[in-house]
Amino acid sequence: MGDHVGGNGVFVGSFNPPHKGHIRTMREALEAFDVLHVFVRYNEGVDLVDWDTKRIWFERMAESLDGRIATHKMVNEEVKGKSYTLEDFFEFMRDTERIIGEPVAGFVFGNDYTELLPAFAREFPHAFFLIAKRSVDANGEEYSSTAIRNDLEGHRQWLEPYVYEDLCERKDRP
C-alpha cells in the first residue's frame with residue numbers, strides 16, 4: 001500500500017448504499033491513517049434509507065474495522081450525485097479540521113478523481129492523498145452503488161448482509 005502517515009484521514013461519499021468496495025477502501029485508508037473520518041452525505045428523499053439506518057450501518061462497519069472509523073453526517077441539498085465543483089471540494093476540505101476539531105493528515109478519493117489530484121496537492125500541500133482503486137468482483141465488474149440501486153438482487157454479494165437485509169425490507173414496504 002505505502003507509508004503510514006498517521007493522524008486523521010478523511011473519506012467522503014454518499015455511500016448510497018455502502019458496499020464491500022467502500023469497506024476495502026476504508027481498510028486501505030486505515031493502513032495510512034490512525035483514524036478515518038467518514039463523511040456520509042445524506043439527502044432525505046434521495047437516499048435509499050433513513051439516516052438512522054445508514055448511521056447503524058456505519059457503526060457496524062466501524063466495529064469490523066477496529067473502531068477506527070468516525071462517522072459524520074453531511075447534508076448538502078444542492079449537490080446530487082458527483083456534481084461537485086473544485087471549489088466545493090476545497091471548501092469541504094478546509095472545513096474538515098474545524099468539524100473534527102483536530103488536524104487532518106490527508107484525504108481519500110476514488111480513482112475517478114485522479115485528474116483533480118494536482119489541484120488538490122497545490123491547494124493542500126501538507127496533505128497526503130490516497131487514491132483508492134475501484135474494487136472489482138470475480139467477473140471484473142466494478143463495485144458501484146448505482147449498479148446496486150439498479151439491481152439489488154444481481155449485486156447482493158457486494159453488500160454486507162445487514163445492508164442487504166435492510167434494503168430488502170425497505171423494498172418490500174408499501
Side-chain angles (χ1 to χ4, degrees), residues 8-30 33 35-102 104 106-113 116 120 129-132 134-135 142-153 155-156 158-174:
N8 294 296
V10 171
F11 184 28
V12 61
S14 61
F15 307 99
N16 189 29
H19 52 68
K20 291 180 179 178
H22 293 130
I23 295 169
R24 187 198 62 75
T25 297
M26 290 179 212
R27 244 188 217 101
E28 184 179 340
L30 288 170
F33 304 110
V35 176
L36 184 63
H37 292 266
V38 180
F39 285 79
V40 181
R41 194 178 75 219
Y42 178 75
N43 288 344
E44 190 170 344
V46 173
D47 278 71
L48 297 172
V49 297
D50 58 77
W51 172 250
D52 284 334
T53 301
K54 214 169 189 182
R55 180 185 50 76
I56 290 167
W57 290 346
F58 278 87
E59 286 174 1
R60 292 186 72 176
M61 283 184 261
E63 288 173 16
S64 74
L65 296 166
D66 301 325
R68 294 172 47 216
I69 301 289
T71 304
H72 305 270
K73 180 180 181 182
M74 184 174 81
V75 177
N76 185 339
E77 295 299 328
E78 286 82 53
V79 177
K80 308 284 190 230
K82 293 186 177 184
S83 59
Y84 305 107
T85 67
L86 194 55
E87 194 49 48
D88 289 333
F89 272 117
F90 290 168
E91 183 179 331
F92 168 75
M93 292 162 75
R94 286 185 204 102
D95 275 350
T96 56
E97 287 190 353
R98 179 190 55 78
I99 293 167
I100 68 173
E102 295 180 19
V104 171
F107 299 89
V108 180
F109 292 101
N111 64 351
D112 42 342
Y113 293 100
L116 298 178
F120 291 157
F129 293 95
L130 172 64
I131 303 297
R134 287 277 185 179
S135 295
E142 288 186 351
Y143 283 71
S144 154
S145 295
T146 302
I148 294 167
R149 289 192 302 271
N150 291 335
D151 179 13
L152 178 60
E153 286 305 316
H155 298 95
R156 165 185 196 160
W158 292 359
L159 298 170
E160 292 298 321
Y162 53 88
V163 174
Y164 173 76
E165 290 163 11
D166 284 344
L167 291 174
C168 285
E169 180 182 312
R170 302 270 186 232
K171 187 176 77 170
D172 293 339
R173 288 185 186 167

> Passes side chain to side chain contact (heavy atoms under 4.5 Å, CB included), Glu160 versus Arg60? Steps please.
Replying inline: CA-CA 10 Å; Glu160 292 298 321; Arg60 292 186 72 176; over 6 Å; no
> What's the verdict on side chain to side chain contact (heavy atoms under 4.5 Å, CB included) for Val75 and Arg41, showing C-alpha distance, side-chain angles and the deciding distance?
Replying inline: CA-CA 6 Å; Val75 177; Arg41 194 178 75 219; over 6 Å; no
>> Working note: Val108 + Val10, criterion side chain to side chain contact (heavy atoms under 4.5 Å, CB included); need CA distance, chi angles, decisive distance, verdict.
In response: CA-CA 6 Å; Val108 180; Val10 171; over 6 Å; no
>> For a side chain to side chain contact (heavy atoms under 4.5 Å, CB included) check, start with the C-alpha distance between Val40 and Trp51, then their side-chain angles and the critical distance, and finish with the verdict.
In response: CA-CA 10 Å; Val40 181; Trp51 172 250; 3.9 Å; yes
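Here the CG atom belonging to Asp88 is positioned 11.0 Å from the CZ atom belonging to Phe92, to the nearest 0.5 angstrom. To the nearest 0.5 angstrom, Asn150 atom CG is 8.0 Å from Ser144 atom OG. To the nearest 0.5 Å, atom CD1 of residue Ile148 and atom CD of residue Glu153 are 12.0 Å apart. Rounded to the nearest 0.5 Å, atoms CG (Asn8) and CZ (Phe33) are 9.0 Å apart. Of the inter-residue distances, the one linking Glu102 atom CD with Glu97 atom CD reads 10.0 Å to the nearest 0.5 angstrom. The CD1 atom of Ile23 lies 6.0 Å from the OG atom of Ser64; values are rounded to the nearest 0.5 Å.
Remark: Asp47 pairs with Lys54 by the salt bridge (charged side-chain N to carboxylate O under 4.0 Å, His left out) rule, at least two apart or across chains. Every residue two or more places apart in sequence or in another chain was checked for a side-chain hydrogen bond (donor to acceptor under 3.5 Å, both in side chains) with Glu91, and none qualifies. By the ring pair (Phe, Tyr, Trp, His ring centres under 6.0 Å) test, His19 pairs with His22, Tyr143, sequence neighbours left out. Qualifying salt bridge (charged side-chain N to carboxylate O under 4.0 Å, His left out) partners for Asp66, counting only residues two or more places apart in sequence or in other chains: none. For His155, the side-chain hydrogen bond (donor to acceptor under 3.5 Å, both in side chains) criterion is met by Glu141, not counting sequence neighbours. In terms of the salt bridge (charged side-chain N to carboxylate O under 4.0 Å, His left out) criterion, Glu63 has no residue partners (sequence neighbours excluded). Listed by chain and number, the residues in a ring pair (Phe, Tyr, Trp, His ring centres under 6.0 Å) with Tyr164 amount to none (sequence neighbours excluded). Among residues two or more places apart in sequence or in another chain, the side-chain contact (heavy atoms from CB on, under 4.5 Å) test is passed with Ile99 by Phe39, His72, Asp95. With sequence neighbours excluded, no residue forms a salt bridge (charged side-chain N to carboxylate O under 4.0 Å, His left out) with Glu142. Remark: Leu30 pairs with Leu36, Leu65, Arg68, Ile69 by the side-chain contact (heavy atoms from CB on, under 4.5 Å) rule, at least two apart or across chains. Evaluation of the side-chain hydrogen bond (donor to acceptor under 3.5 Å, both in side chains) rule for Ser135 yields Arg24 as partners, not counting sequence neighbours. Taking the side-chain hydrogen bond (donor to acceptor under 3.5 Å, both in side chains) definition, one finds that Arg94 meets it with Glu87, Glu123, sequence neighbours left out.
In this structure, Lys73 and Arg55 have side chains that are not in contact, with every pair of non-hydrogen atoms separated by 4.5 Å or more. Looking at heavy atoms from C-beta onward, His37 lies out of side-chain contact with Phe11 at the 4.5 angstrom threshold. By the 4.5 Å heavy-atom criterion applied to side chains, Phe107 and Met93 are counted as neighbours.
Of the listed residues (Asp52, Thr71, Asp166), just one forms a side chain to side chain donor-acceptor pair (under 3.5 Å) with Trp57, and that residue is Asp166.
Arg170 and Thr53 share a donor-acceptor pair across their side chains, judged by distance under 3.5 Å alone.
When all heavy atoms of Pro18 and Val163 are compared, the pair lying nearest together is O-CG1, 4.0 Å. Scanning both residues, Leu130 and Ala29, for their nearest heavy atoms gives CD2-CA, 3.6 Å. Residues Ser145 and Pro17 approach most closely at OG-O, 2.8 Å, considering heavy atoms.
The closest donor-acceptor contact from the side chain of Arg149 to the backbone of Asn16 lies under 3.5 Å. Although no hydrogens or angles enter the test, the distance criterion places a donor-acceptor pair under 3.5 Å between the side chain of Thr25 and the main chain of Gly21.
Ring planes of Phe15 and Phe58: perpendicular class, angle over 60° (limits at 30 and 60°). The aromatic rings of Phe129 and Phe120 lie parallel to each other, with less than 30° between the two planes, well short of the 60° mark.
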